[in-house]
Trainee: 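Sharing a structure with you now.
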Amino acid sequence: MKATRMPRELSLRGIVLGALITLVFTASNIYLGLKVGLTVASSIPAAVISMAVLRALGGASILENNIVQTQASAAGTLSCVFASLPALIMIGYWQHFPFVETALISAAGGMTGVLFTIPLRRAMVTESALPYPEGVAAAEILKAGEKDTSPAALRALTGGGVIAAVITFASAGLRLLADEASVTLSWGGAVFRGSCGFSLAMLGAGYLVGIEGGLAMLLGAVLAWGVFVPFLTAHEADPAHLAPAAHAASVWMHDVRFIGAGMIAVASVWTLARMMGPIVRGIHSSLRSTSAGGGANDGGDLPLRQVGLLAGGISVVLTVMFIAFLAPFGGVSAGTVGLALVGMLCCMLIGFLVSATCGYMAGIVGSSSSPISGICIVAVILIASLFVGMRALGLFPASVGDHGGIAFCLYILSALTASAAISNDNLQDLKTGQLVGATPWRQQVALLIGCATGALVIPPVLNILYQTYGFVGYLPHPGMDPTHALAAPQPALMMMIASGIFLHQLDWNMLAVGGVLAVMVIVTDLALRRHGRALPPLAVGIGIYLPAAVTVTLAVGALVSWVCARRGSDARAAQIGTMLASGMIVGESLMGVALSAVAGFAGRDSALSIMPAGVPAAVPDIAGAMVFAGMCVWFARYVLRAR
C-alpha cells in the first residue's frame, strides 16, 4: 500500500519567504506607528503574498502558507516596540538606536510573549468560543487560496500598495501635495482647531477599524479640540505669547493628551476586569489539563520542558542586558544587579498577566483593535511606582538616580510592549492554524523565528526614520523641517508618565479628568449595548490622545467602510476591501521608509522636492484634499464593484 505523503509545513523555503515578508511589514508598521500611533495586523496580507509566491514556486500547501503568514505576522507585530523605545531618545539616554540593545530587548520580549501564550492555547483557542476575527479571516483566505480564488485579492493588495506609494511619493517626496490641512479659529481667548490628514495609510486603517470605532475616535477628537482645548486656552495663561495655532497645539500636547491617557488607562483596567474571570478560568483549565494529561504537548504544543528551558534562557539574557544597561550608573554593584533582577521579574510576572490579557482581548476584538497602548500605560505606571516605592524604602540604588531610573523603566517597558504585542498576535495565528489543521508546535517555532527575524529589522529602520524625520520636539540635526517630524505619540506619552512619576511632576488632575470621563463613557456604552449599539471607551480615549489629523482621517476611512456595508457589499467585497486597505497601508509605509533613506543619504528631507518657490501654501493643500477625496470615492466604488 502506497504511503500518503504529508504536505509541507515548516520548510526552509517557507522560513526564508517569511523572513523576506518580515522586512516589508516590520518596516511599514514601524513607520505607521511612529507617524500615527497605530499598526495593523499583517496576517491577512502576509497570507495573500505567501500564497502567490509559493504557488509560483510549486508544491505549496495550505499548511506551508499558514507557517509563512504566522512567522511574518509575528515579526510585523513585534514592531510595536516603537511605542516605547524612542522614549529613550526623548529623555536623552540614547542618541541613536544601538543595534544589539534594541534587537535583543525586542527579541527577548517577543519570545516571552510566545512562551506565555503556549499554556493558554488550549483554554483560549481550542476550547474557547472567542471569535478571533482576524484569525478566522486569515484562515478563510488560506482556504480560498487552495481553490484558486485569491487573484482578485492579490490585485487589490498590490494595486492599493502601488497607488498609495505613488501618491506618497508625490506628497512626501516631490512635495506637490500636502499631507494634511488645518483650520484655526479664535473666539475671545478660546482657540478652536480642526485638521484632516490626506494619508491613504490612515484611510485604510480607518476602513479596518470600522464605523463604531471610527465614530468613537471622532467623538474623542471633537471633545479634545472642540471642548478641552478651547476651554484651557481661554483659562490658561500663555507666557510665551504663541500664535493661536501653536498655543492650541501646546495645550493639547501638555494637558489634553493626559485626559486621553487617563481615559485609556481606566478603560483598559475596565476591560481587563471584565475579562479577568474568563482569563483566570482559562489559565486554570490549561494548567489542570497539563498536570492531569501528562504533558503540555498533548494538544501538539512545544513540550513543557522545552518551554521552561527557553524561559530560563530568556530570563538570563534579560538579566544580563539589564545589568549592562545599568552599568553606566555606578558600574556593576550589588544594587544594580538587584535592580536588574527586579526588572527581569517585572518582565516575567507582569509580562504573563499582560500576555494573558492582551491575548484574550485580541480574541474578542482582533489584534488591530486590542488596546496595547492602554496596557502599556498601566504597565509604565506600575513599574515607575514600584521604583519610586523602592527608593522611599532605601532599596533603589542612589547611583542610578532619577535619569537612570526613568530610562530603566522605559527599557523594561519595551520588553513588556513586545510581549504584549506578540501575545496579541499569537493566539490569532494559532486560531488560524486550528481552522486549517496546522501543528501547534510548528507554528510556535515559526513564531519564535519571527521574533528573531523581526528584531533584526527594527534597529536599522528606527535609526533611518529618526535620522531623517526626527520626532516631534526631538530633531537629531539642526535645520530639519519640524513639520515633517514623526509624531511618535506613544513614546512621548510613556516618557512623560515615567518622568512625571519619578520627578513627582505628573499632572494627576488631567489623568483624573480622563478617568472620570472614561467612567461616563463606560456607563453610556453599557446602556447603548442594550440597544445593539456601542461607544467603545478605549476608542474615545484614543481619539483624544491622537492628533486630530490622524483621528479625522481614520473616521473618514471608517465612513467609507460603513458606506460599502450599507450599499450591499458581500463577503467577497469585504475581503477585497481588507486587501485594498492593507495594500494602501503597506504601500505608503514602504515609500515613507524609502524616502527616509533617500533623505538620509542626501542630508535633507526635501531632497526630491520640485515644488517651485513662492507657491502659496493653499495650492498643495487644495491639491492634496482633491486627491484624497477622489481616492475615497474610488475606494468605495472599487469595493462595491467586487460584489
Side-chain angles (χ1 to χ4, degrees), residues 37-38 190-195 209 211-236 248-275 357 361 365 369-382 385 489-490 492-494 496-497 500-501 505-531 533-552 554-555 558:
L38 294 174
V191 181
F192 298 81
R193 191 179 184 196
S195 304
V209 167
I211 190 64
E212 285 186 350
L215 289 180
M217 285 191 283
L218 183 60
L219 173 61
V222 171
L223 289 173
W225 296 93
V227 178
F228 297 130
V229 168
F231 178 83
L232 292 173
T233 51
H235 291 85
E236 285 189 0
S250 176
V251 167
W252 172 79
M253 172 73 73
H254 297 101
D255 294 318
V256 176
R257 285 180 73 185
F258 280 95
I259 297 176
M263 275 203 74
I264 292 171
V266 171
S268 297
V269 171
W270 164 250
T271 307
L272 191 157
R274 292 179 62 192
M275 298 177 178
T357 304
M361 287 191 289
V365 300
S369 302
S370 187
I372 293 180
S373 292
I375 296 296
C376 291
I377 289 171
V378 174
V380 73
I381 290 174
L382 287 175
S385 299
Q490 282 98 333
L493 183 60
M494 301 305 166
M496 286 190 287
I497 291 175
I501 292 175
Q505 297 174 348
L506 188 61
D507 190 347
W508 293 100
N509 292 328
M510 291 298 167
L511 290 173
V513 170
V516 172
L517 183 59
V519 172
M520 296 170 60
V521 176
I522 287 169
V523 172
T524 305
D525 180 52
L526 292 174
L528 288 174
R529 288 183 185 275
R530 296 180 180 178
H531 303 283
R533 299 283 186 253
L535 183 64
L538 275 168
V540 178
I542 290 171
I544 296 174
Y545 165 74
L546 290 178
V550 174
T551 306
V552 172
L554 290 170

Trainee: Which pairs count as side chain to side chain donor-acceptor pair (under 3.5 Å) when at least one residue sits in residues 257-267, sequence neighbours excluded?
Mentor: none
Trainee: Can you tell me how far the CG atom of Leu232 sits from the CD1 atom of Ile259, to the nearest 0.5 Å?
Mentor: 6.5 Å
Trainee: What's the spacing between Met263 CE and Met520 CE if we round to 0.5 Å?
Mentor: 9.5 Å
Trainee: Apply side chain to side chain contact (heavy atoms under 4.5 Å, CB included) to Val227 and Val222, showing your working.
Mentor: CA-CA 7 Å; Val227 178; Val222 171; 5.6 Å; no
Trainee: Restricting to non-hydrogen atoms, name the atom on Ala555 and the atom on Leu218 that form the minimum distance, rounded to 0.1 Å.
Mentor: CB-CB, 3.9 Å
Trainee: Which value, rounded to the nearest 0.5 Å, describes the distance between Trp252 atom CH2 and Ile544 atom CD1?
Mentor: 11.5 Å
Trainee: Please name the pair of heavy atoms, one in Ala224 and one in Pro230, separated by the smallest distance, quoted to 0.1 Å.
Mentor: O-CD, 4.2 Å
Trainee: Indicate the atoms forming the closest heavy-atom contact of Thr551 with Ala221, along with that distance.
Mentor: CG2-CB, 3.7 Å
Trainee: Shortest non-hydrogen contact from Gly515 to Val266?
Mentor: CA-CG2, 3.5 Å
Trainee: For Arg529, what residues pass the salt bridge (Lys or Arg N to Asp or Glu O under 4.0 Å) criterion, not counting sequence neighbours?
Mentor: Asp525
Trainee: Can you tell me how far CD1 of Ile501 sits from CD1 of Ile381, rounded to the nearest 0.5 angstrom?
Mentor: 5.5 Å
Trainee: In Å, rounded to the nearest 0.5 Å, how long is the span from CG of Asp255 to OG1 of Thr233?
Mentor: 10.5 Å
Trainee: Are the side chains of Asn509 and Phe258 in contact, using a 4.5 Å heavy-atom criterion?
Mentor: no
Trainee: Measure the shortest side-chain to side-chain distance between Cys376 and Met494 over non-hydrogen atoms and say whether it is less than 4.5 angstrom.
Mentor: yes
Trainee: Can you check whether Val540 reaches Met217 side chain to side chain, under 4.5 Å on heavy atoms?
Mentor: no
Trainee: Are any of the side-chain heavy atoms of Leu517 and Phe228 separated by less than 4.5 Å?
Mentor: yes
Trainee: Does anything in residues 215-232 form a side chain to side chain donor-acceptor pair (under 3.5 Å)? List the pairs, not counting sequence neighbours.
Mentor: none
Trainee: How long is the span from the CG atom in Leu215 to the CG atom in Leu535, to the nearest 0.5 Å?
Mentor: 9.5 Å
Trainee: Indicate the atoms forming the closest heavy-atom contact of Gly214 with Ala558, along with that distance.
Mentor: CA-CB, 3.7 Å
